[in-house]
Structure formats: C-alpha cells, structure tokens
Amino acid sequence: MIHAQRVMPLNDRPPVTGRYVLYWMQQAQRTEYNHALEYATRQANALGLPLVCVFGLTDEFPETNLRHYTFMMQGLAEVSDALAERGIRFVMLRQAPDSAALRLASDAALLVTDRGYLRVQVEWRRRVAEAAPCPVMQVETDVVVPVEVVSDKEEYAARTIRPRIHKHLLEYLKPLAQTKPMHDSTGLDLDVEDLRPSLATLDGLSMDRTVGPVSAFTGGGAEARRLLSEFIAEKLADYDELRNDPSLDFVSHMGPYLHFGQISPLDIALQVIEADSPGEEAFIEELVVRRELSMNLVRYNPGYDTYEAAVPEWARRTLAAHQADPREYLYDLEHLEQADTHDEYWNAAQNEMLRTGKMHNYMRMYWGKKILEWTPTAREGFEIALNLNNKYSLDGRDPNSFAGVAWCFGKHDRPWQQRDIFGTVRYMNANGLRRKFDMDAYLRKVDG
DNA sequence: ATCGGCTCGCGCAA
DNA sequence: TGCGCGAAGCCGAT
C-alpha cells in the first residue's frame, strides 16, 4: 500500500492534458518496491495514459567518479530491462536530472518523482516543480517511515528518535503491490536522443577516472537481493553478536545498494522480519532507527555537511578548548589518502575503502576518530574525513555518510571522560580493537 | 571478567 | 525544577 503521507505535491498546477504520465526516476533507481513508480503507474492507468520513465545522467554530479558511475550504471541497465518487460519506456538523457525531467514534462499530464534529502536533490525537485507545466508529485519511498511523520525537527540522538519511529513502524511495514500499466509505452515516439544504459555509455562522459570501479561489489537490484538472501540465511542470527567484528563478515552490505536506491529499505525490513530470526531487533535498529536518523539530520539541518552546523555546540566547545593540545602524530590529506600512517589498523581500514569501495562499519568509527586525533584542527579533520569517504566509498554522499562522519566528532553522541585533543568527545584506540577482535585476521582480510 | 565514573543536555515527570 | 539515561568507550579498581 501507498500511505498518503508518502505523497507530497511539489507545486499547485491545475490538471493538464498530456500524452503520458512521466515518472522522473532519480533517487529510487529500482523497479521493485518503488512507491513512486507504483503511484505513477496507478495514476497513468486512472488517466488512461501510458507511463514513461526518464532519468538524467549528468557527469557534473558533485564529487562523483568512475567508481560511483559504474556501480550506478550496473543498476540502471537492470532497471531499463525490467521496465521494458513491464511495457514502460525508459528514457536516459545526457542531461542534469532536473533538465532531463523538464525536457519530457512538456508533454506530460502529470509528473511523479521519488524523494532525495540532500540539498542538490531538493533543489532539482524545486526547479522542476517550478518550471513544469503539469502537476508534480513527490513520493517518499527510500525510508520506512516518512521523515516528517517521525519528527518535525532535528533530533538530538538515537534515543530521541527511536520511540518516534517505533510509534509508526508497524503502520508502515506494509507490502507494496505491483500494478501493471494498461498501455504499453515502449514504442512511443518521443523525439529524444536517449542513451543506452550500459557501461559502454560511460565512455562518452567526462568524469574523474582516477578512482576506478571495484570488483568487490557489483551494482544492481539483483545483486542486492542475492546479498540480502545470503545475509538472512547465514548471518542474521548472529548479527547482534558479530556485526562489529571487522575480521568477520556479518554485515548485510546493503549500504551501497540503499544509497543508489537499488533496493528498498521497506523490502529489506519485511524480508528480515519474515525470517523470524534473533538478529531482527539489532538489524532493524541499524536499518531503520539509525539510518532514518541520518535522513532526519539532512532534512532538518541545512549545514549537514559542515563542521560548524553538523557538530553540536558542546562538542565544538570542548574540541576548541583542546585545539592547542600537542598532537603526537599529524598527517595531511595526501598521507591519509595513501594509507600512509604509523597505525597498521588505520591503514588497513583506509585500504579496505580504497580497494573495495566500502569500509567495515566498526572501522569507520575508529578511522574517523583517528583523523580527528591526527589533524591540526577538528574542522580540518571533519573535512578530510568527509572528503575521503565521499570519494572512495560507494555510499559516499549518502545521509548516512554525513551522519557517520559527524558522529565521530560528537554528533548524536554524549560527552565522555575528558582527555587531550578530544576533550569530552568519545575516544577510541587500538587497544580497544585488539581487546575485542582478532585484528591480525582483519589485516590479513584486507591485504589478502 | 566486571563495574563505576567520566560529562552534558534532552525530554519527561512533577 | 529535578532526574534518568544515553550510537558502538576507556581506564583503573576490584
């Protein structure tokens, strides 16, 4: 079902006649469990019109490179095939997402899109809603509980958002039925030069190619569902106990797929609950409470990517008070980027990200805490951590990335024991890693 | 191995 | 206004 709270009109244009209903795909790059696509299909059927899907492929997306584009294109090739099978024309244009949507909006009776929370995504939608001659509807499909249903303000911590999410969780854990379009649109004459969604198409785009594709993760909904099935069958039962151990592989690996909208969090949640496993509670906590806390941050804090706005006042105060503390180790961006520090665990974490496009969740915390410790100011550390994460992680620039980096600097956390450099911001060290995990095994895992 | 203290502020009870 | 308690820890005491 599609709850009314998922649907938001972005302008107040009166109904117009048109040749088709347009689904502008941007954040939710999938055909399964996509409320926006289903909403668009039902509207098209109600209006007796065919449905067309448009996607704008730009090489000017901030901070992206061949690694991100390859993963995304693997998913889009699959989307293109799946839409064709359902009789829906998929149009990929070499244009910015907003201008691609507007290019086809002129002949649309209605434009439907999905929702993204980053500034650039909000801005694209604002421009489309303003310039489109037809009504524009946004359907929120990349969270389990719609962000504004959970809270109308920036939440302070997981403990404040948790009860607000759980209050609505059952209500939103509802399957989504798939509707078949009444009219086939694959043969529609649209007078556009569209791109073929394939890896070869990337050759024609100008982008940063210094960060290459990874073999550790293949993009696309099929691969996401395969990994999810494997996780549920072999790892979920021990998730609570073993998820933090970086020498093991007891995580779901859903991050990159969620980032590109290649799988739906609702779909994941329903499958995990269906499995009736002891790991359910811990997993839902990560997938829904903590993930949607990061959506809350990006939605309500316009400076989510800056030190001054994203890091809370108490943390900035205590870090500023320790600004002048001597640093035993100091590294610049280049040395950190090349995993060239005195700390073999940190280097391994950085190398894991460089080589696989993903860093183990627990090491991400350690990694960020050490950047804070080894850079001249907390502000510089914050910027370096964000920069490296966005560049090399497949899920860089996700709300989770911004929240995760900010957490290392005190966001969504509480003060702890006073110490040098950190003040009362939570500290982590290598002894903790060794105490809890087989770190030699982690080093072998990354280097092997 | 286990435990308390560290330290701040939100949110609820009163 | 008071009070309990918290996104993943550390450290020293027992």
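Computation of the quantities below employed the complete heavy-atom set of this structure, encompassing side-chain atoms and omitting hydrogens, waters and symmetry-equivalent molecules. By convention in this document, chain letters (A, B, ...) are assigned in the order of the sequence lines, proteins followed by strands, and residues within each chain are numbered from 1.
- In this entry the distance linking CZ of A:R419 with C1' of C:dG12 reads 12 Å, nearest Å.
- Rounded to an integer number of Å, the gap from CD1 of A:I161 to P of B:dC12 is 14 Å.
- Comparing atom distances between the A:Y427 side chain and each of B:dT7, C:dA7, C:dC10 picks out C:dC10 as nearest.
- Within 4.0 Å (heavy atoms only), A:R243 reaches no atom of the nucleic acid at all.
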**Prompt:** Taking it one step at a time, do A:N389 and A:W367 satisfy side-chain contact (heavy atoms from CB on, under 4.5 Å)?
**Reply:** CA-CA 10 Å; A:N389 180 69; A:W367 176 87; 4.3 Å; yes
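- In this pair, A:H342 and A:Y331 present their aromatic rings parallel. The plane angle is below 30°, not in the 30 to 60° band.
- Listed nucleotides: B:dG9, B:dT7, B:dG11. Nearest to the side chain of A:W314: B:dG9.
- With C:dA7, B:dG11, B:dT7 as the choices, the nucleotide that has an atom nearest any side-chain atom of A:K153 turns out to be B:dG11.
- Looking at heavy-atom distances under 4.0 Å, A:W407 makes contact with a base.
- Close to B:dC12, at under 4.0 Å from its OP1 or OP2, lies no side-chain N or O of A:Y156.
- Distances shorter than 4.0 Å separate none of the side-chain N or O atoms of A:R162 from OP1 or OP2 on B:dC10.
- Computed from coordinates, the A:R159 CZ to C:dG6 C1' distance equals 5 Å when rounded to whole Å.
- With rounding to whole Å, A:H412 atom NE2 is found 19 Å from C:dG9 atom C1'.
- As judged by a 4.0 angstrom heavy-atom cut-off over every strand, A:N244 is placed among the base-contacting residues.
- Using the Watson-Crick or G-U wobble rule with both distances under 3.5 Å, C:dA7 pairs with nothing in any strand shown.
- Heavy-atom contacts from other residues, nucleotides or ligands closer than 6.0 Å to CG of A:D12 number 12 or fewer.
- Dashed line: the shortest gap from a side-chain N or O of A:R317 to OP1 or OP2 of B:dC8 is not under 4.0 Å.
- Separating the CD atom of A:E373 from the C1' atom of C:dG9 is a distance of 14 Å, rounded to the nearest angstrom.
- Nucleotides B:dT7 and C:dC11 place their P atoms 15 Å apart, quoted to the nearest Å.
- Relative to the ring axis of A:W407, A:K369 places its NZ or CZ within 45° and under 6.0 Å from the centre.
- In this structure, of C:dC11, B:dC6, C:dA7, it is C:dA7 that holds the atom nearest to the side chain of A:D413.
- Contact between the side-chain N/O atoms of A:N429 and the OP1/OP2 oxygens of C:dC11 is found at a separation under 4.0 Å.
- Taking the six-membered ring where tryptophan is involved, the planes of A:F409 and A:Y307 are perpendicular, since the angle between them exceeds 60° and thus also 30°.
- Taking atom CD of residue A:E292 and atom P of nucleotide C:dA7, one finds them 16 Å apart after rounding to whole Å.
- In this structure, A:N361 atom CG and C:dG9 atom C1' are separated by 17 Å, rounded to whole Å.
- Here A:K369 does not reach the OP1 or OP2 of C:dA7: none of its side-chain N or O atoms lies under 4.0 Å away.
- Listed candidates were B:dG9, B:dC6, B:dC10. Nearest to the side chain of A:T160 is B:dC10.
- Side-chain N or O atoms of A:R6 include one that pairs as donor or acceptor with a backbone N or O of A:E140 at under 3.5 Å.
- As rounded to the nearest Å, B:dG5 and C:dG4 have P atoms that lie 14 Å from one another.
- For the pairing with A:D305, the salt bridge (charged side-chain N to carboxylate O under 4.0 Å, His left out) check across A:R119, A:R397, A:K411 returns one residue only, A:R119.
- Across all strands, A:K436 comes closer than 4.0 Å only to sugar-phosphate atoms, never to a base (heavy-atom distances).
- When the P atom of B:dC8 is taken as reference, atom CD of A:Q417 falls 12 Å away, rounded to whole Å.
- Only the P atoms considered, B:dC12 is 14 Å distant from C:dA7, to the nearest whole Å.
- A:R435 comes within 4.0 angstrom of the backbone, heavy atoms only, and of no base.
- Residue contacts for A:M365: at a heavy-atom cut-off of 4.0 Å it reaches a base atom on one of the strands shown.
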